[in-house]
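Let me begin by presenting the structure, written as C-alpha cells, before commenting on it.
The analysis underlying the following values was restricted to heavy atoms, covering all of them including side chains, and did not include hydrogens, waters or symmetry mates. Chain letters run A, B, ... following the sequence lines, proteins first, then strands; residues in each count from 1. Not measured: the values here are computed from a predicted model.
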Protein chains: 2
Amino acid sequence: MARNSSGFRREILEVASRLFAVTGFKGTSLQDIAGEVGCSKAALLYHFDGKDAILTELLTPAVEALAELDVRLAGLDGDTAVRPAVEGFVDLVLRFRREVKILYDEIPEMLRHPALAGVLEMSDRLVDALAGRTADPEAHVAALMVLGAVPVVGTQPVPLGDDELRAVLVRRALHTLDHDDTRP
Amino acid sequence: MARNSSGFRREILEVASRLFAVTGFKGTSLQDIAGEVGCSKAALLYHFDGKDAILTELLTPAVEALAELDVRLAGLDGDTAVRPAVEGFVDLVLRFRREVKILYDEIPEMLRHPALAGVLEMSDRLVDALAGRTADPEAHVAALMVLGAVPVVGTQPVPLGDDELRAVLVRRALHTLDHDDTRP
DNA sequence: GTCTATAGGAAGATAGAC
DNA sequence: GTCTATCTTCCTATAGAC
C-alpha cells in the first residue's frame with residue numbers, strides 16, 4: 001500500500017498540528033482531521049487513543065525541550081542566568097513555532113468572532129504606530145514584542161499598584177522601542 | 001422581586017465575563033453560566049439572543065475604545081505616534097483587563113491539559129531567570145514582557161530570515177531586560 | 001487497518017406551561 | 001420572566017463487518 005502504519009500516523013499528526021494551529025484544539029474535531037487526511041474518524045482512533053492523545057504526542061517534544069531548558073537554567077545564579085534564559089527561550093519558541101501556535105492561536109480563532117470585527121486590522125495599524133511608521137524590520141519586531149508583552153503583563157498578577165504598573169509598563173515598552181523618555 | 005430585568009442582565013454579564021476569563025469562551029457552556037447565576041439556560045436566552053450575543057455585549061466597549069485609539073493615532077505621523085500609541089495601548093489593556101483575559105486565557109485553559117503538565121511552573125522559573133533572580137518588581141515586569149513578546153513575534157509573519165529573526169529577538173529581549181550585549 | 005453504523009453524551013436553542 | 005421538557009446538532013468513542 002501507499003502508506004505504512006507509521007507513515008499514516010505521521011500524516012495524521014501533521015494534519016492535526018496544522019488544523020490545531022489554525023482553528024485551535026477545541027475548535028478542531030476528529031471529523032475535520034479525518035476529512036483532511038481522507039479517512040474515517042474510526043481510523044484516527046485506531047492509531048491514537050483519542051483526540052487528547054494526538055495533542056499529547058504533538059506537544060511532548062516541545063514540553064521536553066522546555067524541561068531541559070528548565071534544568072539547565074536551574075544551575076545558574078543571578079545575572080548569569082539572563083542570557084542563557086533569553087537565548088534558550090527564543091530558540092525554543094522558534095524551533096517549536098507550530099506547537100506554540102497551537103497554544104496561542106486560540107486567540108486568532110477568537111478574533112474571527114463577529115464581536116471582534118476589525119480588531120486585527122486595528123492591531124496591524126497599532127503595530128505600525130508603535131514602530132514609528134518606519135519599514136525597519138527591527139522596529140517592526142520591537143513593536144510586535146510590545147503588542148505581545150503588554151497584555152501578558154496586564155493580565156498577570158504583579159506586585160505593583162495600578163498607577164505604578166502603568167508607569168512601569170509605559171516606561172519599559174518605550175525602552176523596548178528605543179524611545180526612552182528623556183523628559184525631566 | 002429581588003432583581004429587576006436590567007439587574008439580572010448585568011448579573012449574567014458579570015458571571016459570564018468571569019467564567020469566560022477563566023475557562024475561555026468555548027470552554028464555558030450556558031449551563032455553567034446558568035448554574036453560577038442560579039437560573040436556567042432558558043432564562044439566559046430570554047435576556048440574550050444567544051451565547052454569541054453575550055460575548056458581543058461583553059467585548060463591545062473594549063473594541064470601541066480600541067477603535068477610538070485607532071482613530072486618534074491615524075492623525076499622527078512617524079515618531080510622534082510612538083508615545084501616544086504606547087500610552088493608549090497600555091491604558092486600554094489595563095482598563096479592559098477582564099476583556100483581554102477572555103482573549104488570552106484560552107491559553108491557561110490549554111495549559112491545564114495533561115500534555116502540558118508542569119509548563120506553568122517551568123514558565124514561572126523561566127521568568128525568574130529572565131529577571132536575573134532579583135525581587136525587583138520592574139525586572140519582574142520586564143521578564144514577563146519578554147515571556148509574552150517572544151511567542152507573539154515567533155508565530156507572526158516577519159520580513160526576516162530565521163537566523164536574522166533569532167538574532168534580533170535575542171538582542172531586543174536582552175535590551176528589554178537591560179542586559180544589552182556589550183561583547184565585541 | 002480501515003470502513004460503516006451507531007452508541008452515548010453535551011452543546012445551543014426553542015416550545016409551551018406557569 | 002422563569003421554568004421544565006424537548007429538539008437538533010455535533011462531538012468523541014466503540015462495535016463489528018470487510
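- Listed by first and then second residue, the salt bridge (Lys or Arg N to Asp or Glu O under 4.0 Å) pairs that reach into residues 69-80 of chain B are R125(A)-D70(B), sequence neighbours excluded.
- For H175(A), the ring-ring contact (aromatic ring centres under 6.0 Å, His included) test picks out H175(B), with sequence neighbours left out.
- In this structure, L44(A) atom CG and dG1(C) atom C1' are separated by 13 Å, rounded to whole Å.
- Applying the side-chain hydrogen bond (donor to acceptor under 3.5 Å, both in side chains) criterion to D162(A), with sequence neighbours excluded, gives R97(B).
- What separates CD1 of I12(B) from C1' of dT2(D) is a distance of 11 Å, to the nearest Å.
- In this structure D91(B) satisfies the side-chain hydrogen bond (donor to acceptor under 3.5 Å, both in side chains) test together with R166(A), sequence neighbours excluded.
- Under the 4.5 Å side-chain criterion, counting only non-hydrogen atoms from C-beta, K26(B) is not in contact with M110(A).
- The side chain of S40(A) places no N or O atom within less than 4.0 Å of a non-bridging phosphate oxygen (OP1 or OP2) of dT2(C).
- Residue Y46(B) contributes atom OH, which lies 13 Å from atom C1' of dC3(D) at whole-angstrom precision.
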task = Go along nucleotides 11-18 of chain C 5' to 3' and tag each nucleotide: B for a protein heavy atom under 4.0 Å from its base, S when only backbone or sugar atoms are that close, - otherwise.
result = SBBBB---

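- Checked against side-chain hydrogen bond (donor to acceptor under 3.5 Å, both in side chains), E138(A) has the following partners two or more places apart in sequence or in another chain: R171(B), R172(B).
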